[in-house]
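Any value given below was found using the heavy atoms of this structure, including those in side chains, with hydrogens, waters and symmetry copies removed. Bear in mind the structure is a predicted one, so any value in this text is a computation, not a measurement.
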Amino acid sequence: MANWYNNKMRKYSSKLVDGRDRAPSRSMLRAVGFKDKDFQKPQIGIASTWSMVTPCNMHINDLAKVATKTVDSNGGKAVNFNTITISDGISMGSDGMRYSLVSREIIADSIEAVVAGEGLDGFISFGGCDKNMPACVMAMLRLNRPSVFVYGGTILPGSYKNKNIDIVSVFEAVGKNANGIIDDNELYNIEKKAIPGPGSCGGMYTANTMACAIEAMGLSLTNSSAQTAISKSKLDDTKEASKALMKCVKKDLKPRDIVTKKSLENAITVVMALGGSTNAVLHLLAIANEAKLKLSLKDFERIGKKTPVLADLKPSGKYSMAELVKIGGVAPLMKVLISKGLMHGDCLTVTGKTIKNNLNKIKPYPLNQKIIKPINDPIKKDGHLIVLRGNIAPDGAIAKISGKEGTHFKGKAKVFDSEEKCLKAILAGKITKGSVIVIKNEGPVGGPGMREMLSPTSAIMGQGLGNDVALITDGRFSGGSHGFVVGHISPEAAIGGPLQVVKNNDPIEICAKKREINILISKKEIEKRMREFHKPSSKTENGALTKYARLVSQADTGATTN
């Protein structure tokens with residue numbers, strides 16, 4: 001009979017496999033490859049988000065295999081399991097997109113269920129597409145067991161007519177085609193050449209934004225966020241992350257030891273400096289919730305006021321993430337931000353060292369690079385993610401103002417009850433200059449699921465209206481959206497938020513300088529319309545979306561379900 005024992009590296013697995021009464025558990029595990037010696041090792045989860053649903057995650061199992069081998073050769077016993085992902089790029093503009101943000105909760109729940117249910121002592125999680133990345137981190141913090149995150153890496157850009165293109169190029173080409181700027185054959189060729197292989201969408205869109213934020217939080221290794229998906233550096237990152245995880249298990253270093261209010265502030269700062277996705281606001285609020293830390297829109301306002309936009313990255317800028325990788329990634333930028341007092345260098349990371357120590361040997365960017373601007377010559381002197389409030393959004397809304405759209409817009413409302421109706425009108429040429437497009441009933445409850453509006457925003461850009469119209473919604477935007485756009489309007493229309501009472505031709509004013517968004521009608525008229533509000537009927541009857549709508553919070557608190 002084996003010599004059963006407990007130790008601090010087997011805090012959870014020992015309860016499932018130690019002792020004579022646990023013989024059935026051991027018997028089951030022997031069938032999946034456990035040997036006698038494995039029962040005395042810490043059991044380490046390899047949480048893979050592999051699937052052939054999307055190029056973002058199609059290569060993840062190759063990384064998971066590297067992690068398995070590394071964990072097994074460093075004193076652990078790897079236990080592989082999988083979870084789901086939803087491809088935003090494929091489901092965008094359809095009913096399927098309602099499941100995107102919902103999948104963040106499903107993924108976090110599924111990782112929690114496996115790790116807790118199977119008594120795993122720690123785990124390494126892999127993310128590639130937008131929602132599985134914050135979901136992995138939410139599970140890490142919820143479980144609070146030693147764990148490390150590995151980003152699957154960015155895609156390489158496609159090429160068409162000697163220009164780099166990506167998935168947003170295809171969305172915008174749809175608008176150009178509808179407007180007669182390009183023909184069907186050119187749309188077809190752009191479609192074929194935009195996505196050359198594995199990896200996450202290639203600008204500073206949501207996946208790359210969250211990868212950088214997670215690194216800034218200290219939950220992944222230095223420059224894990226800035227490597228191409230198919231590269232030796234990404235394989236090396238996986239090996240080193242697996243070794244770091246085993247050290248975390250040995251030291252009992254846990255995510256909530258690492259993620260603090262200061263480390264969340266670091267994440268916000270990096271997102272602002274990179275010109276990152278509006279989705280980062282939702283995800284960081286949700287991550288803070290799992291870490292049992294107080295984070296609010298006021299923190300984004302405070303940090304945004306002092307953080308310049310330094311990165312000339314897509315969608316508003318010129319360059320792709322793969323080009324940033326070539327000049328050194330995000331680490332040199334973080335080193336500069338720490339030196340200027342904009343980031344906290346004393347925050348702990350999964351290496352067991354502070355973020356400042358991790359960056360000690362990082363070299364500065366090459367002198368001739370044009371992607372990251374000097375801090376004394378920024379693209380924008382303050383953050384691009386602006387929190388707006390007003391009689392349309394009393395609890396807040398998020399505008400993405402890169403500096404190229406201007407800071408003020410006033411126009412007449414063009415109101416739609418769904419994304420589909422709006423997109424149809426745009427492609428039919430029914431949107432005129434000076435319009436404020438209003439898409440309501442697309443919030444967390446009303447969607448349900450708070451769809452991204454990349455199809456409408458891309459169609460607007462493709463039709464050449466990017467500087468002439470604004471779009472506001474209680475839904476959200478893809479990291480690939482750009483133009484004068486405002487999302488996350490809270491409270492949302494479906495629960496009686498004032499967005500519900502906006503009518504066609506109502507004057508609307510958006511001012512980024514004053515940080516206000518208002519419908520320019522009398523308070524008395526607003527109150528009258530609010531009294532006439534009737535809650536719209538639910539779009540679903542059962543299933544995940546219905547459960548989500550019943551549980552979800554509003555966007556200003558992260559659209560969480562707990």
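In this structure, CZ on Phe81 lies 6.0 Å from CD1 on Ile111, to the nearest 0.5 angstrom. In this structure, CD1 on Ile372 lies 5.0 Å from CG on Leu324, to the nearest 0.5 angstrom. The OG atom of Ser478 sits 6.5 Å away from atom CG of Asp130, with the distance rounded to the nearest 0.5 Å.
Proximity of a side-chain donor or acceptor of Ser169 to a complementary backbone N or O of Asp166 within less than 3.5 Å is detected. For the pair Asn57 (side chain) and Thr49 (backbone), a donor-acceptor distance under 3.5 Å is present. Checking side-chain atoms of Asn74 against main-chain N and O of Thr70 turns up a donor-acceptor pair under 3.5 Å. One N or O on the side chain of Gln369 and one on the backbone of Ile371 form a donor-acceptor pair closer than 3.5 Å. With Thr457 contributing its side chain and Leu454 its backbone, the two residues share a donor-acceptor pair below 3.5 Å. Not one N or O on the side chain of Ser455 forms a donor-acceptor pair closer than 3.5 Å with the backbone of Met453. Of the possible donor and acceptor atoms, none in the side chain of Asp88 sits under 3.5 Å from a partner among the backbone N and O of Ser100.
With respect to the salt-bridge test (charged N to carboxylate O, under 4.0 angstrom), the residues Lys234 and Asp237 qualify. Under a 4.0 Å N-O distance rule, the pair Glu301/Arg515 does not qualify as a salt bridge. Between Asp395 and Arg389 no salt bridge is recorded (no basic side-chain N to carboxylate O distance below 4.0 Å). Ion pair Lys131/Glu452 flagged as a salt bridge, since at least one NZ, NE, NH1 or NH2 atom sits closer than 4.0 Å to an Asp/Glu carboxylate oxygen. A salt bridge links Asp109 to Arg142: one of the charged nitrogens lies within less than 4.0 Å of a carboxylate oxygen. Salt bridge annotation for Glu265-Lys262: absent, with no cationic side-chain nitrogen under 4.0 angstrom from a carboxylate oxygen. Remark: Asp299 engages Lys261 in a salt bridge, criterion side-chain N to carboxylate O under 4.0 Å.
Summarising the local packing, CZ of Phe409 is surrounded by more than 12 heavy atoms from other residues, nucleotides or ligands at distances under 6.0 Å. Environment of NZ in Lys247: sparse, with no more than 12 heavy atoms of neighbouring residues, nucleotides or ligands closer than 6.0 Å.
The nearest pair of heavy atoms linking Ala213 to Leu284 is CB-CD2, 4.4 Å. Across every non-hydrogen atom of Val249 and Pro42, the tightest pair is CG1-CB, 4.2 Å.
Looking at heavy atoms from C-beta onward, Asn562 lies in side-chain contact with Glu290 at the 4.5 angstrom threshold. The side-chain heavy atoms of Tyr319 and Asn164, taken from C-beta on, include no pair separated by under 4.5 Å. Put simply, the side chain of Ile44 does not reach to within 4.5 Å of the side chain of Val79, judged on heavy atoms. Between Asn132 and Phe126, the closest side-chain pair of non-hydrogen atoms is not below 4.5 Å. A heavy-atom distance below 4.5 Å is not found between the side chains of Lys11 and Arg145. No side-chain heavy atom of Thr278 sits under 4.5 Å from any side-chain heavy atom of Arg476.
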